[in-house]
Every structure is written in structure tokens, then in C-alpha cells.
Peer 1: 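Handing you a structure now.
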Amino acid sequence: MILVTKPFLPPREEYEQYIKGIWEREWLTNNGPLVNDFELSLKRYLQVKHLLFLSNGTIALQLAIKALELKGEIITTPFSYVATTSSIVWEGCTPVFADIDPQTLTIDPAGIEAAITPNTVAILATHVYGNACNISAIDDIAQRHNLKVIYDAAHGFGTRYKGRSVFEYGDVSTTSFHATKLFHTIEGGAVFTRDAELLKKMAFMRNFGHNGPEAFAELGINGKSCEFHAAMGLVNLRYIEEILKKRKEAAAHYDTYLQYLKAFKPAITPGTDYNYAYYPLVFESEELLLRCIKTLNNNNVFPRRYFYPALSNILPYVSKVSMPVTEDIARRVICLPMYYSLGKEEIDLTMRLILRVQNN
Ligand code: T4K
């Protein structure tokens with residue numbers, strides 16, 4: 001079976017070494033040594049100013065919205081995972097969708113500008129599939145209209161924009177270290193900010209607001225991760241360059257088939273060094289896409305319709321609104337298998353099956 005993704009699993013002995021240490025110290029969670037070590041190692045690897053390791057990428061989004069004290073409308077993309085929109089609603093704000101660019105599939109800055117009202121307080125944009133948004137244009141709009149910016153960089157590990165980690169942009173960037181991500185801690189996530197005060201606030205917030213055992217600095221929640229997740233992160237970090245390299249090679253092999261396909265690969269935003277987090281293809285029609293999926297599934301290949309349907313059409317807690325570009329793309333896009341151990345033979349099989357369908 002060839003699934004859309006498989007988690008990277010490091011050599012078991014390396015993980016077990018860390019587990020041995022946990023047993024010796026009898027320290028499992030609440031800001032233990034491995035969590036501290038992981039945060040420092042990540043900071044060093046990514047060359048970012050500040051970060052906090054959290055229990056998942058959804059809590060990262062919620063914490064970012066809460067810490068920025070956003071109340072009102074947040075302009076966001078309808079082409080993302082549900083957590084992007086649901087976090088806005090969860091925090092009592094109103095999502096206002098702006099359509100995406102048909103080439104990069106990231107939120108279109110012109111759409112953002114058009115969606116601004118006196119109630120707009122922020123922009124929440126996703127670096128979808130790991131492809132950076134048009135950050136320069138978004139930051140410029142935010143400055144001119146005095147809006148906060150949160151980047152949902154759940155797919156962004158390893159992507160760089162204008163020479164820096166994509167996590168360094170926005171008032172806050174968030175990411176996910178879920179098992180399906182190219183770099184993972186089984187479950188996990190993080191917030192990134194360059195603002196030391198904001199970092200301090202989010203650090204209190206992730207730990208119930210505690211400021212020492214008997215005092216509270218903020219309203220908080222439990223957003224902590226633990227030693228076992230940090231251990232997985234520490235081991236996986238040793239393999240990150242190899243992981244990124246293998247994905248780049250897999251994508252290059254897929255690319256050799258592109259010229260024969262009735263489909264296109266989304267464009268990478270100028271200024272972006274891409275991480276190959278996903279391999280999306282936009283077919284010329286939904287009918288062709290559905291036929292391809294059927295044949296692939298019959299041959300035990302399971303691509304996924306990330307992200308279908310558009311978030312602007314499907315959520316029972318958000319008013320439906322027409323987003324023509326997103327709706328059109330969402331109907332025609334699939335993500336092909338993409339993971340560390342994916343072989344050329346599997347890519348060949350997948351692409352030959354697609355070619356067979358489209359040429360029939
Ligand atoms: N923002 C964005 C833009 C996001 O994409 C996400 C999450 C978030 C925020 C929130 O971050 P987290 O709170 O999750 O940290 C997955 C993930 O659960 C989710 O993390 C991810 N985005 C979303 C795009 O995809 P599913 O529904 O695709 O997972 P599932 O279980 O169907 O697995 C996908 C494939 O991977 C399957 O073919 C099976 C395989 N698999 C999966 C797991 C978990 C394995 O082989 N082993 C495994 O352990 O949601």
C-alpha cells in the first residue's frame with residue numbers, strides 16, 4: 001500500500017537512549033530537560049529568535065490569537081486545513097475569507113486588501129503545502145492598515161523566504177510537528193515570534209498562566225508538550241537534512257513526468273526555498289482527478305484531496321461564501337504520496353497509472 005504519507009521513524013535505539021534517561025531522571029513533563037534541549041536545538045537549527053514547543057499546531061494557532069488579544073474579523077484563506085479557520089472561531093473572532101492566487105494557491109494579497117473593513121484586526125495566512133505566501137505584500141498591507149499577522153506555517157519546516165526560516169515572519173508564526181509532517185515529534189507544534197514580551201506572555205499562557213507555583217501572570221491553558229515528544233524531536237532533528245534531501249529528490253523524479261500530464265504543479269512563490277512538504281497536482285478537470293483517484297486506489301495507491309472542499313463552503317459554524325478560485329482548485333487538486341522512504345519505483349507506478357487514465 002502506498003499512502004499519501006508515512007511518518008519518518010528514526011533508528012529505535014536512538015530514541016530508546018533518550019527514554020532510558022527519562023526513566024533515570026523520573027521527570028516526564030512540565031518543562032523537563034529534554035524539552036529545554038529540544039527548544040534550544042531547534043532554535044539553533046532554524047536560526048530563529050524565539051520559539052515555544054507546544055502540544056500541537058492547533059493550540060499554537062489558538063495561543064497566537066489569544067496572546068495578540070485579537071477581537072473582531074481576521075482575514076484568512078479558505079484553502080487550508082480546518083484548524084486554521086476553526087482556531088479563529090474557537091477564539092471568538094470572525095473569519096473573513098479572501099480567495100487564493102491560482103498559481104501559488106496561497107492567499108491573494110489583492111483579496112486581503114479588498115476584504116478589509118473597520119472591524120478587521122488581523123491576517124491569518126497559511127504557507128500552504130510549505131510554499132510561502134507572498135509575505136512581502138502581506139506584511140506591507142498589515143503595516144498600512146495596522147493589522148497583526150499570524151502565519152500558519154504548519155507545513156513550513158525547512159522552507160526559507162528571502163534567506164530566513166519562514167517561521168521568522170509575522171507577529172507570530174505557528175507550526176505543527178504532527179506525525180504526518182516532514183519533521184515531527186509524533187504530536188507537537190510551536191509558536192515563533194521576534195517579540196520578547198509576546199514570547200513571555202505565550203510562555204505563561206502555555207502553562208496555565210503560572211508565574212511560579214503560587215502566582216499567575218496571565219489567563220492560561222495547558223499547551224505544554226512532554227519529554228517523550230521532545231525526545232522524538234531531538235532524534236529526528238539529527239536526520240532533518242537527509243529528510244529534506246530525499247524529498248527534494250522524490251519531487252524531482254515526479255517532475256520528470258510533468259510535461260506529459262494534463263495537470264500542473266503549483267508555482268513556488270518568488271523568494272522561497274521550498275521544503276517539498278507535499279507533492280500537489282492540479283488536474284485539468286475534477287472528472288479526470290476522480291478517475292485517477294479510482295485507478296490509483298484500485299492499485300493500492302492512496303493520494304489525498306488536501307484540501308477539499310474549500311473551508312468557505314463546508315463548515316457548519318461559518319457562513320458560506322463564494323470563493324471561485326479556491327472552489328475550482330480544491331475540486332481539481334490532489335497530493336501524491338510524499339515521504340522519506342518513498343522510492344522511485346513507487347513514483348513511477350503512481351505516474352504511469354495517472355498517464356494510463358488520462359490517455360484512455
Ligand atoms: N494548520 C494547518 C495548515 C494544518 O495542515 C494542520 C494540520 C494544523 C494547522 C494543525 O496542526 P496539528 O494540530 O495537527 O499539529 C493530518 C494531520 O492530522 C494534521 O496534522 C494535518 N494538518 C492535516 C493536513 O493532515 P489526516 O486526516 O490527513 O491524517 P490521517 O490519519 O488520515 O493520516 C494521513 C496519512 O498518513 C494516512 O494515509 C495514514 C498515514 N499515517 C498517519 C499517521 C497519523 C501513518 O502512516 N502513520 C501515522 O501515524 O490529518
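In each ligand, atom 1 is the first atom listed, and ligand 1 is the first ligand listed. Here the structure is a predicted model, which means the values were calculated and not measured.
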Peer 1: To which protein heavy atom is atom 2 (C) of ligand 1 closest, and what is the distance rounded to 0.1 Å?
Peer 2: A154 CB, 3.4 Å

Peer 1: Would you say E113 and H145 are linked by a side-chain donor-acceptor pair, where the criterion is simply a distance under 3.5 Å?
Peer 2: yes

Peer 1: Could you tell me if the ring centre of H210 sits under 6.0 Å from that of F216?
Peer 2: yes

Peer 1: Decide whether an N or O pair under 3.5 Å exists between Y278 and ligand 1.
Peer 2: no

Peer 1: Report yes or no: does S80 have a heavy atom closer than 4.0 Å to ligand 1?
Peer 2: yes

Peer 1: Indicate the ring-plane relationship of F307 and Y81, choosing parallel, tilted or perpendicular according to the 30° and 60° boundaries.
Peer 2: tilted

Peer 1: Taking heavy atoms and a distance under 4.0 Å, where does F177 meet ligand 1: side chain, backbone, both or neither?
Peer 2: neither

Peer 1: At what distance is the nearest protein heavy atom to atom 44 (C) of ligand 1, and which residue and atom is it?
Peer 2: H178 CE1, 4.0 Å

Peer 1: Are any side-chain N or O atoms of R332 and backbone N or O atoms of L288, one a donor and one an acceptor, separated by less than 3.5 Å?
Peer 2: no

Peer 1: Is there any N or O on K6 that sits under 3.5 Å from an N or O of ligand 1?
Peer 2: no

Peer 1: Specify the protein heavy atom at minimum distance from atom 13 (O) of ligand 1: its residue, its atom name, and the distance to 0.1 Å.
Peer 2: T58 OG1, 2.6 Å

Peer 1: Is it the side chain (CB and beyond), the backbone, both or neither of D152 that lies under 4.0 Å from ligand 1, heavy atoms counted?
Peer 2: side chain

Peer 1: Please state which part of E187 comes within less than 4.0 Å of ligand 1, counting heavy atoms only: side chain, backbone, both or neither.
Peer 2: neither

Peer 1: With salt bridge (Lys or Arg N to Asp or Glu O under 4.0 Å) as the test, would you mind laying out the steps for R291 and E287 before giving the verdict?
Peer 2: CA-CA 6 Å; R291 282 198 291 128; E287 185 267 335; 2.8 Å; yes

Peer 1: For the pair T326 and D99, evaluate side chain to side chain donor-acceptor pair (under 3.5 Å) and give the outcome as yes or no after the intermediate values.
Peer 2: CA-CA 6 Å; T326 302; D99 215 341; 2.6 Å; yes

Peer 1: Determine, for Y340 and K246, whether the Lys NZ or Arg CZ falls below 6.0 Å from the six-membered ring centre while staying within 45 degrees of the axis.
Peer 2: yes

Peer 1: Please work out, at 4.0 Å between heavy atoms, whether the side chain, the backbone, both, or neither of F302 comes within that distance of ligand 1.
Peer 2: neither

Peer 1: Give the atom numbers and elements of ligand 1 that come within less than 4.0 Å of a heavy atom of T5.
Peer 2: 35 (C), 36 (O), 40 (C), 46 (O)

Peer 1: For atom 6 (C) of ligand 1, what's the nearest protein heavy atom and its distance?
Peer 2: Y81 CD2, 3.4 Å

Peer 1: For atom 26 (P) of ligand 1, what's the nearest protein heavy atom and its distance?
Peer 2: R304 NH2, 3.6 Å

Peer 1: Without hydrogens or angle criteria, can the side chains of Y257 and D348 be said to hold a donor-acceptor pair below 3.5 Å?
Peer 2: yes

Peer 1: Under 4.0 Å from atom 11 (O) of ligand 1, is there any protein heavy atom?
Peer 2: yes

Peer 1: Between Y278 and H155, does the ring pair (Phe, Tyr, Trp, His ring centres under 6.0 Å) criterion hold? Intermediate values first, please.
Peer 2: CA-CA 8 Å; Y278 292 82; H155 311 159; 4.9 Å; yes

Peer 1: Does the ring center of Y254 lie less than 6.0 Å from the ring center of Y279?
Peer 2: yes

Peer 1: Should you measure from each heavy atom of G57, which atoms of ligand 1 turn up under 4.0 Å away?
Peer 2: 11 (O), 12 (P), 13 (O), 15 (O)

Peer 1: Taking atom types as modelled and ignoring hydrogens, do the side chains of N30 and K224 form a donor-acceptor contact shorter than 3.5 angstrom?
Peer 2: yes

Peer 1: For ligand 1, which atoms sit closer than 4.0 Å to a heavy atom of A83?
Peer 2: 8 (C), 9 (C), 10 (C)

Peer 1: Name the closest protein heavy atom to atom 5 (O) of ligand 1, giving the residue it belongs to and the distance to 0.1 Å.
Peer 2: H155 NE2, 2.7 Å

Peer 1: Is it the case that T117 and E73 place a side-chain donor and acceptor less than 3.5 Å from each other?
Peer 2: yes

Peer 1: Just jot down the ligand 1 atoms closer than 4.0 angstrom to any heavy atom of P7, in number order.
Peer 2: 45 (C), 46 (O), 47 (N), 48 (C), 49 (O)

Peer 1: Should Y306 be counted as touching ligand 1, given the test is an N or O pair under 3.5 Å?
Peer 2: yes

Peer 1: Could you list the atoms of ligand 1 found under 4.0 angstrom from a heavy atom of L3?
Peer 2: 38 (O), 39 (C)

Peer 1: Any heavy atom of G188 closer to ligand 1 than 4.0 angstrom?
Peer 2: yes

Peer 1: For this output row, return yes or no: ring centroids of H184 and F8 closer than 6.0 angstrom.
Peer 2: no

Peer 1: Indicate, as side chain, backbone, both or neither, the part of T180 found under 4.0 angstrom from ligand 1 when only non-hydrogen atoms are considered.
Peer 2: side chain

Peer 1: Provide, to 0.1 Å, the distance between atom 22 (N) of ligand 1 and the closest protein heavy atom, together with that atom's residue and name.
Peer 2: K181 NZ, 3.0 Å

Peer 1: Can a side-chain donor-acceptor contact be found between Y308 and E327 if the only test is distance below 3.5 angstrom?
Peer 2: no

